[in-house]
Participant: 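Following this message is one structure expressed as structure tokens.
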Amino acid sequence: MRRQRSDEFNRPEGYNSRLLEGPTPMQASYHPQKIEREAQAHWQKTEAARALEAAGKPKYYCLSMFPYPSGKLHMGHVRNYTIGDVLARYHRMRGFNVMQPMGWDAFGLPAENAAMANGVPPAKWTYDNIAYMKKQLQSLGFAIDWNRELATCKPDYYRWNQWFFLRLLEKGIVYKKTGTVNWDPVDQTVLANEQVIDGRGWRTGALVEKREIPMYYMRITQYADELLEALDTLPGWPERVRTMQANWIGKSVGVEIAFPYDPAIGMEGALKVFTTRADTLMGATYCAVAAEHPLATLASKNNPALLAFVDECKRGSVMEADIATQEKKGMATGLHVVHPLTGEKLPVWVANYVLMSYGEGAVMAVPAHDERDFEFANKYSLPYKTVIKSKDGAYEKVEAPWQATYAEHGVTVDSGDFSGLEFQQAVDAIASALEKKGLGRKRVQYRLRDWGISRQRYWGTPIPIIHCASCGDVPVPDDQLPVVLPEDCVPDGSGNPLNKREDFLACECPSCGKAARRETDTMDTFVDSSWYFLRFACADNQQAMVDQRVEYWLPVDQYIGGIEHAILHLLYSRFWTKAMRDCGLLELDEPFANLLTQGMVLNESFFRKTEAGRIQYFNPSEIELKLDDKGNRAGAVLRADGQAVESGGIGTMSKSKNNGVDPQGLIEEFGADTARFFMMFTSPPEQTLLWSDEGVEGSFRFLKRVWSFAAQWHGKLQGLNSTFSENAKAESDVVALRREVHGVLKQASVDIEKHQFNTVASAAMKLLNALQDAGAKAGENASPAMLRALNEGLGILVRVLYPITPHIAHALWRELEFGEDLIDAPWPLVDPRALESDEVEMVLQVNGKLRGQLVVPKTADKGQIEALALASDVVLKYTNGLPPKKVIVVPGRLVNIVV
RNA sequence: GCCCGGAUGGCGAAACAGGUAGACGCAAGGGACUUAAAAUCCCUCGGCCGUAAGGCCAUGCCGGUUCGAUUCCGGCUCCGGGCACCA
């Protein structure tokens, strides 16, 4: 969809109205490229976005999640950074000392993939992308302080990852243990979850295996309780994000129970399980363990069938979603454990639904009162025993089919000494009985697991460890930091290229001085993003990770990013901040005071099935929609051949569905202000945003109208004083215009505080509509009072627009001589006198249905309003003169008459 | 599978605290201007019935609370995000 450009402005080069005397005409039509170039040059020259620590003003640290430099900006970035810029510019208008920095989350897997595809080192690819994307960000006019720019792939950043890793190692927060990874047996390499497709390696197609390898972990579980409790100190976070984090941490209070081994096992010991339903212990009929559990290993030694099953469980991906949706399978081990209270022998099964990473890797199974156990028991004909009775008599005995009520809390039955107890009493009694026997205790269990940070990949922060044959794993001494990553490697997909770099590998053991080898694993990129927001405060400090300026700027006053980061990134950042605090580096408890989670940008996708049955996607820019005569969708065709295509529905913009829209084309065609306005106008920030070419054109049309209106009235309004100090009672048109303008402004001022930018953009449209109507009505001979009202309204419009579309606002502010530089102008104030009125219009309802309107004096009380309402024709028609049953009066709003 | 959201005209949405459903736009239809097109401007625009006045229905579905429910409660359906190695 191409738009024809309007005729070029035909004034001589260098024309400048401001050099001439008196009111002068301004450029008649809107030329975003010229306006935006000039505004950006002005901001750059005046260092408008430079942020310095300053006393006397409240600080406002406005941060958008930094981008991964994937090549070029996508629409999600444009949306994210526009929201950030609106907030940054608005808060500056409100008198805050604003800092809005930007950086690059520059390590990561895509650079290695690009390297494999093009043979370019990840470093070069990354730096090229950064240069291009920085230009794009600048062309969008974001008020970013580029003096603070950082990239996580540079040694002066990641050296502090290494330095702090060593501090945490000293404190025991970092430790080493084995972890499970996806292993591609053909490429002999570890795969990311993303690289596993339907259980196979993405490049080799080989069936992926699980493999245990040594890794470094961060003990985030040590902070589980604080991370959970402190969610209550974050009222500026969306409720849903706090809920998601709380559930992720997953604190449960329960009982750890030991089932002693049956003597036939031939060794001392007990199977430990954790349960939140100790009240159902008397109904346990078997125990189930994960395939990786030591008992499973033991039992499979002399049992080939079981060994085969255990091996089968160990195949496949490590992703929880895969594990949780797979068919539930199990096999008996032939081993037994002893019920800790009844002494009964219970069989031990291996089950693929038991996770080694949660609790003890084993569960007690109570089929009567747990749905998964119930299904499993039915499948393998294991017995079940009803030990809970529902309080409302919903059931007496558990029988197939399963009912949700079986799993609810109730009263214990058939439980020996523990019968007839309610949930908490039963748990307490059973826990203390177990404790007396030394076979159990109450304890807290978290779902949260420690954070494995080792990655068997090249493009990341090297883990600063040296492996010495005699001294073991030795930390790199601080004075040898940073361990610099060579930037000229080209990965080929078969393992980490660092393993082939003798110049990187070879080193001396810091402890004994003998030849040693460097660790080649690198850190998870979530490490990089867990503290970059601190570094922006002091990015130039080469001596320390953080300094006093962090105490000035932090916490981040407003953090903005995608909802997809609601758990991992935000939780790791919170943990990291607390860990730094506990190392004495910060005073801060929580890094982000307020959080705005922006919705995703969606677009429709279009495809055809090829003869081979494959699906071929076409970019929406190549598609033409067919409409019927009512304007409803009647199909879509590919423009190239006119043949029909099918809709693949609406989804996030992605490469695989070829439904992305490149912001660059949008900026070049319509300008940054149109792109920004569209992004803000189309959806509220937290909701998904559906892309629409037509919507963009509507936004462009609006900005053109703003410009033409200003140009049309420019000669009469330029430099006019528009104060209304002596309440001008005069003309009703002036009063009406000012009431409208200030009414809209009042709402816009509320909306922008609520971050509801779509209605702020609407408000700008309403303001223009009101000004245009009033201007057209007044015409050539507009009174001085009307001119002042128009001037006032235009000044308000320009300032309401400014955070969203700063370039056009900047230009108009100067053209109309409101001031030199809009960037420091205050947000407009509502004049309450403009809103005053003697009458109120109220709604008249009969039986809750709208039947008419009622105009009453502002001073009327409830009784008077009721009398007026009952006397009205509309009401008489429905009451037939009979007295109403009930009358509800909501002053200023409505009267409802019930008959 | 588990956790968290969302659903309002042909489309994006709005509705302050339970009080006029659809503000503001987009698309569409009609018209003006133009040699023509583009641009611009004006009018109509949830559905059904009715010449009109007006009436009825309508905020994913089913039910509840209330004088009154898009808003609160219970139960569903569908769509989206996350699930620990994409970032």
Side-chain angles (χ1 to χ4, degrees), chain A residues 3-4 6-7 29 65 67-68 70 105 108-110 179 181-182 190-196 238-241 243-244 246-248 250 318-326 328 353 357 372 447-449 451-452 454-457 524-526 529 562-569 571-572 597 599-600 602 625 627-633 649-652 681-684 686-690 692-699 701-702 704-705 708 747 750 754 756 758-759 761-766 769 841-845 847-850 853 885-888 890 893-894 896-898:
Chain A
R3 160 176 299 274
Q4 212 170 348
S6 40
D7 294 340
S29 54
M65 289 181 185
Y68 177 78
S70 55
D105 188 12
L109 197 54
V181 294
N182 301 305
V190 175
L191 297 178
N193 284 336
E194 189 190 50
Q195 297 170 318
V196 179
E239 184 70 41
R240 63 165 155 162
V241 175
T243 308
M244 280 191 263
N247 290 338
W248 185 263
V318 299
M319 290 167 73
E320 194 191 309
D322 290 344
I323 295 164
T325 49
Q326 71 196 355
K328 286 173 195 55
Y353 69 85
S357 52
R372 267 190 324 194
R447 206 188 73 96
L448 182 69
R449 307 200 296 257
W451 174 17
S454 294
R455 297 292 179 270
Q456 297 68 45
R457 266 182 262 295
D524 180 5
T525 55
F526 275 123
S529 55
I563 182 67
E564 67 274 20
H565 297 290
I567 294 173
L568 292 179
H569 161 60
L571 194 63
Y572 291 144
T597 48
M600 319 265 292
L602 311 180
L625 298 179
L627 302 178
D628 65 19
D629 28 312
K630 278 191 167 175
N632 298 340
R633 171 80 79 82
I650 305 225
T652 53
F681 175 65
T682 300
S683 280
E686 308 226 331
Q687 273 182 41
T688 55
L689 181 148
L690 181 59
S692 150
D693 284 331
E694 293 78 16
V696 172
E697 298 198 31
S699 299
R701 205 146 48 217
F702 166 68
K704 279 198 291 190
R705 279 175 57 212
S708 327
Q747 188 61 48
V750 171
K754 287 196 304 189
Q756 192 173 299
N758 56 326
T759 50
S762 292
M765 290 175 154
K766 287 177 188 174
N769 289 346
E841 188 175 278
M842 291 179 65
V843 163
L844 214 45
Q845 293 185 337
N847 293 332
K849 289 202 174 186
L850 175 69
Q853 264 79 28
K885 260 194 201 156
K886 193 171 178 181
V887 179
I888 291 118
V890 184
R893 284 222 174 256
L894 59 73
N896 186 19
I897 292 162
V898 187

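Chain letters run A, B, ... following the sequence lines, proteins first, then strands; residues in each count from 1.
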Participant: Can you see if the side chain of Gln756(A) gets near the phosphate of A15(B) - specifically, an N or O under 4.0 Å from OP1 or OP2?
Facilitator: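 So the side-chain polar atoms of Gln756(A) do come within 4.0 Å of the phosphate oxygens OP1 or OP2 of A15(B), strictly under.
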Participant: Of the candidate nucleotides U40(B), A14(B), C67(B), which contains the atom at the shortest distance from the side chain of Val898(A)?
Facilitator: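 The closest nucleotide is C67(B).
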Participant: Using the C1' atom as the point on both nucleotides, what is the distance between G68(B) and A21(B), in whole Å?
Facilitator: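 Here A21(B) and G68(B) have their C1' atoms 14 Å from each other.
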Participant: Is the side chain of Asn847(A) donor-acceptor paired with the backbone N or O of Lys849(A) at a distance under 3.5 Å, no angle test?
Facilitator: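 It does not hold such a pair.
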Participant: Nearest 0.5 Å, what's the CD-NZ distance between Gln747(A) and Lys766(A)?
Facilitator: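 If I round to the nearest 0.5 Å, the distance is 7.5 Å.
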Participant: Find which nucleotide of RNA chain B each of Gly695(A) and Leu689(A) is nearest to by heavy atoms, and output the residue with the more 5' nucleotide.
Facilitator: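 Final value for this comparison: Leu689(A).
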Participant: For G47(B) versus A58(B), give the span between their C1' atoms, rounded off to a whole number of Å.
Facilitator: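 Taking atom C1' in both G47(B) and A58(B), they lie 7 Å apart.
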Participant: Could you give the distance separating C62(B) and A27(B) at their C1' atoms, to the nearest angstrom?
Facilitator: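 These two C1' atoms come out 34 Å apart once rounded.
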Participant: Output yes when at least one side-chain N/O atom of Ser692(A) is less than 4.0 Å from OP1 or OP2 of C11(B), else no.
Facilitator: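 Negative; the distance criterion is not met.
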Participant: Below 3.5 Å, does any donor atom in the side chain of Asn896(A) face an acceptor in the base of C67(B), or the other way round?
Facilitator: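 Counting by modelled atom types and ignoring angles, a donor-acceptor contact under 3.5 Å is found here.
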Participant: Which nucleotide in the list C67(B), U40(B), A15(B) gets nearest to the side chain of Arg701(A)?
Facilitator: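 The listed nucleotide nearest to Arg701(A)'s side chain is U40(B).
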Participant: What is the distance, rounded to the nearest whole Å, between atom CD1 of Ile888(A) and atom C1' of U66(B)?
Facilitator: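 So the CD1-C1' distance, Ile888(A) to U66(B), works out to 10 Å.
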Participant: Just to be sure I understand the rule, does Ser708(A) reach a base, reach only the sugar-phosphate, or reach nothing, if contact means heavy atoms closer than 4.0 Å?
Facilitator: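 Nothing, no heavy atom under 4.0 Å.
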Participant: To the nearest angstrom, how far is Leu571(A) atom CG from C3(B) atom C1'?
Facilitator: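 Computing the Leu571(A):CG to C3(B):C1' distance gives 14 Å.
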Participant: Need one value for His565(A): base, sugar-phosphate or nothing, where a base atom within 4.0 Å counts as base even if backbone is also close, heavy atoms only.
Facilitator: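 His565(A): base contact, heavy atoms under 4.0 Å.
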Participant: For C24(B) and G60(B), measure between their P atoms and round to the nearest Å.
Facilitator: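 So the two P atoms sit 23 Å from each other.
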Participant: Determine the interatomic distance between C1' on G9(B) and the same-named atom on G5(B); round to the nearest Å.
Facilitator: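 Each nucleotide's C1' atom is 24 Å from the other's.
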Participant: Mind checking salt bridge (charged side-chain N to carboxylate O under 4.0 Å, His left out) for Glu194(A) and listing every partner two or more places apart, or none if nothing turns up?
Facilitator: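 Result, salt bridge (charged side-chain N to carboxylate O under 4.0 Å, His left out) vs Glu194(A): none returned.
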Participant: List the steps, then state whether side-chain contact (heavy atoms from CB on, under 4.5 Å) holds for Leu571(A) with Leu448(A).
Facilitator: CA-CA 11 Å; Leu571(A) 194 63; Leu448(A) 182 69; 3.9 Å; yes
Participant: Hey, what do you get for CG (Leu844(A)) to CG (Leu894(A)), rounding to the nearest 0.5 Å?
Facilitator: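 If I round to the nearest 0.5 Å, the distance is 9.0 Å.
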Participant: What is the distance, to the nearest angstrom, from the CD atom on Glu686(A) to the P atom on A14(B)?
Facilitator: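 So the two atoms are 12 Å apart, to the nearest Å.
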Participant: Whole angstroms only, please: what is the CE-P distance between Met319(A) and C2(B)?
Facilitator: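 Met319(A) atom CE is separated from C2(B) atom P by 17 Å.
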Participant: Regarding Arg240(A), tell me which of base, sugar-phosphate or nothing describes its non-hydrogen contacts under 4.0 Å with the strands shown.
Facilitator: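 It contacts sugar-phosphate atoms only.
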Participant: Would you classify Arg705(A) as touching base, sugar-phosphate or nothing, given that sugar-phosphate means primed atoms plus P, OP1 and OP2, and contacts are heavy atoms under 4.0 Å?
Facilitator: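 Contact class for Arg705(A): sugar-phosphate only.
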Participant: How long is the straight-line distance from CG of Asn769(A) back to CZ of Arg705(A), given to the nearest 0.5 Å?
Facilitator: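 CG of Asn769(A) is found 5.0 Å from CZ of Arg705(A).
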Participant: Determine the interatomic distance between C1' on A84(B) and the same-named atom on C73(B); round to the nearest Å.
Facilitator: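 Straight-line distance between the two C1' atoms is 36 Å.
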Participant: Let me know, please, whether Asn847(A) or Leu690(A) comes out on the 5' side of the other along RNA chain B by nearest nucleotide.
Facilitator: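 Nearest-nucleotide comparison on RNA chain B picks Leu690(A).
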Participant: Starting at CD of Gln456(A) and ending at P of C86(B), how long is that distance when rounded to a whole Å?
Facilitator: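 Going from Gln456(A) (CD) to C86(B) (P), I get 13 Å.
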Participant: Give the rounded distance in Å between these two atoms: CD1 of Ile897(A) and P of G68(B).
Facilitator: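 Value for this atom pair: 15 Å.
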Participant: For atom C1', what is the distance between A39(B) and U44(B), given to the nearest Å?
Facilitator: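 Approximately 22 Å lies between the C1' atom of A39(B) and that of U44(B).
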Participant: Can you tell me which stems RNA chain B forms when a stem means 3 or more consecutive Watson-Crick or G-U pairs under 3.5 Å?
Facilitator: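 B:1-7 with B:77-83, B:10-12 with B:24-26, B:28-32 with B:40-44, B:46-49 with B:54-57, B:60-64 with B:72-76 - these are the stems of 3 or more pairs that involve RNA chain B.
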Participant: Enter the distance from Arg455(A):CZ to Thr525(A):OG1 here, rounded to the nearest 0.5 Å.
Facilitator: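 Taking CZ in Arg455(A) and OG1 in Thr525(A), the distance rounds to 7.5 Å.
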Participant: Out of G1(B), G81(B), C26(B), which nucleotide sits closest to the side chain of Met244(A)?
Facilitator: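 So the nucleotide nearest the side chain must be G81(B).
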Participant: Using modelled atom types only, decide if a donor and an acceptor are shared between the side chain of Gln687(A) and the backbone of Pro684(A) within a distance under 3.5 Å.
Facilitator: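 Flag not set: sc Gln687(A) to bb Pro684(A) has no pair under 3.5 Å.
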Participant: With a 4.0 Å cut-off on heavy atoms, is Trp248(A) in touch with a base, just the backbone sugar-phosphate, or nothing at all?
Facilitator: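 Touches a base.
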Participant: Rounded to the nearest 0.5 Å, how far apart are OG of Ser683(A) and CG of Leu602(A)?
Facilitator: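 The OG atom of Ser683(A) sits 8.5 Å away from the CG atom of Leu602(A).
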Participant: Whole Å only: how far is the CD1 atom of Ile323(A) from the P atom of C83(B)?
Facilitator: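 Going from CD1 in Ile323(A) over to P in C83(B) covers 14 Å.
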Participant: Who pairs with Glu564(A) by side-chain contact (heavy atoms from CB on, under 4.5 Å), at least two apart in sequence or on another chain?
Facilitator: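 Listed in chain order: Met600(A).
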Participant: Under 4.0 Å, heavy atoms only, any strand: does Val181(A) hit a base, just the sugar-phosphate, or nothing?
Facilitator: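 Base: the residue Val181(A), judged by heavy atoms under 4.0 Å, touches a nucleobase.
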Participant: By salt bridge (charged side-chain N to carboxylate O under 4.0 Å, His left out), which residues pair with Arg447(A), not counting sequence neighbours?
Facilitator: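 Counting only residues at least two positions away or on another chain, Arg447(A) forms a salt bridge (charged side-chain N to carboxylate O under 4.0 Å, His left out) with Glu320(A).
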Participant: Rounded to the Å, how far apart are Ile567(A) CD1 and C2(B) P?
Facilitator: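 Spelled out: CD1 on Ile567(A) to P on C2(B) is 16 Å.
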Participant: With a non-hydrogen cut-off below 4.0 angstrom, is Lys885(A) in contact with a base, only sugar-phosphate, or nothing?
Facilitator: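 If one applies the 4.0 Å heavy-atom cut-off, Lys885(A) turns out to touch nothing in the nucleic acid.
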Participant: Indicate, with a heavy-atom threshold strictly under 4.0 Å, whether Ala321(A) touches base, sugar-phosphate, or nothing.
Facilitator: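 Here Ala321(A) touches the bases of the nucleic acid.
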Participant: Taking the same atom, C1', in U71(B) and in U8(B), what whole-Å distance lies between them?
Facilitator: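 That atom pair is separated by 12 Å.
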Participant: Mind checking if Leu448(A) touches a base, just sugar-phosphate, or nothing, with heavy atoms under 4.0 Å?
Facilitator: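 Base, at least one base heavy atom under 4.0 Å.
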Participant: Counting just side-chain N and O atoms, does Lys849(A) come under 4.0 Å of either OP1 or OP2 of A69(B)?
Facilitator: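 No.
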Participant: Is Pro684(A) touching bases, backbone alone, or none of the nucleic acid, heavy atoms closer than 4.0 Å?
Facilitator: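 The residue Pro684(A) makes sugar-phosphate contact but no base contact.
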Participant: If you check the Leu568(A) side chain, which of A87(B), G81(B), G1(B) turns out closest?
Facilitator: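 For Leu568(A), the side-chain atoms sit closest to A87(B).
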Participant: Produce the list of close N/O pairs, under 3.5 Å, pairing protein atoms with atoms of nucleotides 20-24 of chain B; give distances to one decimal.
Facilitator:
| from | atom 1 | to | atom 2 | distance (Å) |
| --- | --- | --- | --- | --- |
| A23(B) | O2' | Lys766(A) | NZ | 3.3 |
| A23(B) | N1 | Ser762(A) | OG | 3.4 |

Participant: Just to be sure I understand the rule, does Tyr353(A) reach a base, reach only the sugar-phosphate, or reach nothing, if contact means heavy atoms closer than 4.0 Å?
Facilitator: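 Result for Tyr353(A) = nothing.
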Participant: What distance separates Asn182(A) CG from Leu191(A) CG, expressed to the nearest 0.5 Å?
Facilitator: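 CG of Leu191(A) is found 6.0 Å from CG of Asn182(A).
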Participant: Mind listing the N/O atom pairs, protein and nucleotides 6-9 of chain B, below 3.5 Å?
Facilitator:
none

Participant: With syn defined as a glycosidic angle within 90° of 0 and anti as everything else, classify G9(B).
Facilitator: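 G9(B): syn glycosidic orientation.
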Participant: Could you walk me through whether Val241(A) and Ile563(A) pass the side-chain contact (heavy atoms from CB on, under 4.5 Å) check?
Facilitator: CA-CA 8 Å; Val241(A) 175; Ile563(A) 182 67; 4.1 Å; yes
Participant: So what does Val190(A) touch, heavy atoms closer than 4.0 Å: a base, only the sugar-phosphate, or nothing?
Facilitator: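 Counting heavy atoms under 4.0 Å across all strands, the contact made by Val190(A) includes a base.
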